[in-house]
Engineer: 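Next up is a structure, given as structure tokens.
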Amino acid sequence: MTKPIAGFSKLTKEEKINWIATHYTHDPKDTIRILESYWNQDTSLQKLHDEFIENTISNLYMPMGIAPNFLINDQLYAIPMVIEESSVVAAASKAAKFWLKKGGFKTKIIGTEKVGQVHFIFNGEFEKLEQFFNKTKPKLIADAFSLTTSMSKRGGGIVNIVLRDKTSRLDNYYQLHCTFETQDAMGANFINSCLEQFANSFKSEALQYDAFNAKEKEIEVVMSILSNYVPNCLAYAEVSCPVDALTISLEISPKAFAEKIVRAVDIAKIEPYRAVTHNKGIMNGIDAVVLATGNDFRAVEAGVHAYASRNGSYSSLTHAEIIDGIFKFYIEIPLALGTVGGLTKLHPLVKLNLEILQNPSAKELMQIMAVAGLAQNFAALSSLVTTGIQKGHMKMHLMNILNQYGATEQEKVTVIEHFKTHTVTHSGVVNELDSIRKK
Ligand code: NDP
């Protein structure tokens with residue numbers, strides 16, 4: 001069995017690779033070859049990537065595609081998407097083209113509030129704590145002045161600090177529930193720095209507060225951290241058109257199609273098993289743009305799914321309705337994004353993708369991403385309620401299977417031609433490839 005290693009982080013990159021290759025892989029020479037083959041030839045670019053995280057040994061890159069023809073508030077966008085799953089970019093492009101001729105997507109920002117909390121334990125009377133908090137609140141804000149000066153100049157900063165009594169859920173547990181405006185930054189570092197300052201000031205002020213007894217003076221700060229639950233940092237996007245204009249194929253009438261979409265969304269609203277997959281489809285679009293723009297996909301995912309459960313049961317993030325002959329399909333989604341900070345100005349491709357998106361503000365990027373999610377969901381639902389999802393999906397998957405089995409260009413052409421009239425299955429593709437090779 002491999003022994004634990006001490007000081008791995010102190011090894012050189014080559015030493016790290018040798019260690020992992022010899023201890024954990026069956027062919028160390030080949031492991032080293034694979035890892036090195038994904039290094040960037042430009043050594044300064046590779047160094048930049050090496051320094052994004054710790055113990056870097058190689059790069060795992062993903063395809064970056066473009067979904068063009070997104071008309072958003074009368075402006076045309078080509079949206080960069082980074083994703084490993086086939087069909088996503090094609091579906092987004094198809095939905096964009098469909099709505100292009102119908103006025104495109106309309107979007108707005110509902111809110112941009114970010115949240116952070118200081119979680120603490122207080123052994124004493126709530127009324128005394130409340131009095132102390134009300135007296136100390138201006139000092140908390142004043143002590144964070146050096147952290148907030150430049151954010152305030154941009155129109156952001158601390159919005160409010162509220163004391164929350166959580167003792168009904170956990171003995172002696174209280175919070176400073178803090179709200180922020182972080183403009184074009186996602187805000188994690190800014191918020192966490194402010195929270196740690198609040199915590200320090202709060203603790204030291206308590207020690208000097210005469211009305212507290214000895215036990216009350218000893219406020220125990222458990223942690224100070226932003227929340228990725230941002231129900232008031234919301235983007236809204238919609239598409240709408242007369243039901244009669246919803247011609248998707250000759251096999252289904254526009255009216256039947258519209259009604260099926262509404263029913264499919266209604267099911268996702270009340271059935272969590274369906275809602276999770278429904279929302280996963282939305283996140284296919286959103287995550288791809290989150291990655292392309294160097295944003296934090298874990299933060300976005302966590303916040304989105306918490307929002308989908310906000311009423312006590314996991315539910316659809318999109319909504320569909322038909323009112324007076326007009327079909328409307330819309331989304332309201334929490335997105336804490338940055339167009340500055342994090343990787344946004346560091347990764348050359350992220351920088352380029354933001355340029356392709358016309359260097360959006362964080363608010364504009366939130367709206368673009370909401371559109372990407374809505375478009376993706378429209379495309380998925382369109383397939384689901386008509387032909388089923390597998391027809392298109394397996395066609396796209398065909399190329400992955402061919403590449404997996406090392407098909408030559410000529411073999412690809414022959415197999416693709418064959419499956420124009422046959423159903424794509426994994427074994428079917430492998431058999432067809434085998435029979436060509438035997439010939
Ligand atoms: P950064 O700290 O990298 O950058 C944000 C800073 O950029 C701001 O605080 C501000 O600093 C400056 N800035 C310059 N121009 C603007 C502008 N127009 N609007 C707003 N700020 C501007 O990033 P974030 O604080 O946004 O943090 C994001 C990173 O934190 C991500 O990489 C994320 O992965 C990571 N993270 C996430 C956590 C989570 O989600 N739970 C936890 C910890 C980290 P100044 O005012 O001083 O100029």
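Both counts, for ligands and for their atoms, begin at 1 and track the order of listing. Predicted, not measured: the structure shown is a model, and the values here were computed from it.
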Engineer: Report, as yes or no, whether the 6.0 Å neighbourhood of atom NZ on Lys106 holds more than 12 heavy atoms from other residues, nucleotides or ligands.
Structural biologist: yes
Engineer: Between Asn160 and Lys137, does any side-chain donor sit less than 3.5 Å from a side-chain acceptor?
Structural biologist: yes
Engineer: Can you name the atoms of ligand 1, numbered from 1 with element, that are less than 4.0 Å from a heavy atom of Phe190?
Structural biologist: 9 (O), 25 (O)
Engineer: Just checking Lys97: does its NZ atom have more than 12 heavy atoms from other residues, nucleotides or ligands closer to it than 6.0 angstrom?
Structural biologist: no
Engineer: Where is the nearest protein heavy atom to atom 45 (P) of ligand 1: which residue, which atom, and how far?
Structural biologist: Ser150 OG, 3.2 Å
Engineer: Evaluate the ring planes of Phe329 and Phe327, with Trp represented by its six-membered ring, and classify them as parallel (under 30°), tilted (30 to 60°) or perpendicular (over 60°).
Structural biologist: parallel
Engineer: What's the verdict on side chain to side chain donor-acceptor pair (under 3.5 Å) for Gln46 and Asn59, showing C-alpha distance, side-chain angles and the deciding distance?
Structural biologist: CA-CA 9 Å; Gln46 184 53 51; Asn59 315 299; 2.7 Å; yes
Engineer: Could you check atom 12 (C) of ligand 1 against the protein and tell me its nearest heavy-atom contact, residue, atom and distance included?
Structural biologist: Arg154 NH2, 3.8 Å
Engineer: Report, as yes or no, whether the 6.0 Å neighbourhood of atom NZ on Lys345 holds more than 12 heavy atoms from other residues, nucleotides or ligands.
Structural biologist: yes
Engineer: Heavy atoms, side chains only, cut-off 4.5 Å: are Val276 and His305 in contact?
Structural biologist: no
Engineer: Would you kindly specify which portion of Ala185 sits under 4.0 Å from ligand 1, judged on non-hydrogen atoms: side chain, backbone, both or neither?
Structural biologist: both
Engineer: Taking all non-hydrogen atoms of both residues, which atom of Val221 and which atom of Phe120 are closest, and how far apart?
Structural biologist: CA-CB, 4.0 Å
Engineer: What protein heavy atom is closest to atom 30 (O) of ligand 1, reported as residue, atom name and distance in Å?
Structural biologist: Ala188 CB, 3.4 Å
Engineer: Of all the atoms in ligand 1, which lie at a distance below 4.0 Å from a heavy atom belonging to Gln183?
Structural biologist: 19 (N), 20 (C)
Engineer: Provide the number and element of each atom of ligand 1 under 4.0 Å from a heavy atom of Asn228.
Structural biologist: 39 (C), 40 (O), 41 (N)
Engineer: For a side chain to side chain donor-acceptor pair (under 3.5 Å) check, start with the C-alpha distance between His278 and Thr318, then their side-chain angles and the critical distance, and finish with the verdict.
Structural biologist: CA-CA 9 Å; His278 180 93; Thr318 52; 2.7 Å; yes
Engineer: Would one find an N or O of Leu226, backbone or side chain, under 3.5 Å from an N or O of ligand 1?
Structural biologist: no
Engineer: What protein heavy atom is closest to atom 8 (C) of ligand 1, reported as residue, atom name and distance in Å?
Structural biologist: Met151 CE, 3.8 Å
Engineer: How close does the nearest protein non-hydrogen atom get to atom 28 (C) of ligand 1, and which residue and atom is it?
Structural biologist: Met186 SD, 3.8 Å
Engineer: Classify the angle between the aromatic ring planes of Tyr173 and His119 as parallel (below 30°), tilted (30 to 60°) or perpendicular (above 60°).
Structural biologist: parallel
Engineer: Mind checking whether His347 and Phe52 have parallel, tilted or perpendicular rings, split at 30° and 60°?
Structural biologist: parallel
Engineer: Within the 4.0 Å heavy-atom shell around Asp296, which atoms of ligand 1 are there?
Structural biologist: 33 (C), 34 (O), 37 (C), 40 (O)
Engineer: Can you spot which of Phe98, Tyr330, Phe105 makes a ring-ring contact (aromatic ring centres under 6.0 Å, His included) with Phe378?
Structural biologist: Phe98
Engineer: May I ask you to list the atoms of ligand 1 that are less than 4.0 angstrom from any heavy atom of Gly341?
Structural biologist: 1 (P), 3 (O), 4 (O), 23 (O)
Engineer: At what distance is the nearest protein heavy atom to atom 7 (O) of ligand 1, and which residue and atom is it?
Structural biologist: Val340 CG2, 4.2 Å
Engineer: What protein heavy atom sits nearest atom 26 (O) of ligand 1, and how far off is it?
Structural biologist: Gly187 N, 2.6 Å
Engineer: Purely on distance, is any nitrogen or oxygen of Gly342 under 3.5 Å from one on ligand 1?
Structural biologist: yes
Engineer: How far is atom 19 (N) of ligand 1 from its nearest protein heavy atom, and which residue and atom is that?
Structural biologist: Asp184 N, 3.1 Å
Engineer: Where does Thr182 meet ligand 1, judged by heavy-atom distances below 4.0 Å: at the side chain, the backbone, both, or neither?
Structural biologist: backbone
Engineer: Would you mind listing which atoms of ligand 1 come within a distance below 4.0 Å of any non-hydrogen atom of Ala299?
Structural biologist: 40 (O)
Engineer: With a 4.0 Å heavy-atom cut-off (strictly under), which part of Asn189 contacts ligand 1: side chain, backbone, both or neither?
Structural biologist: both
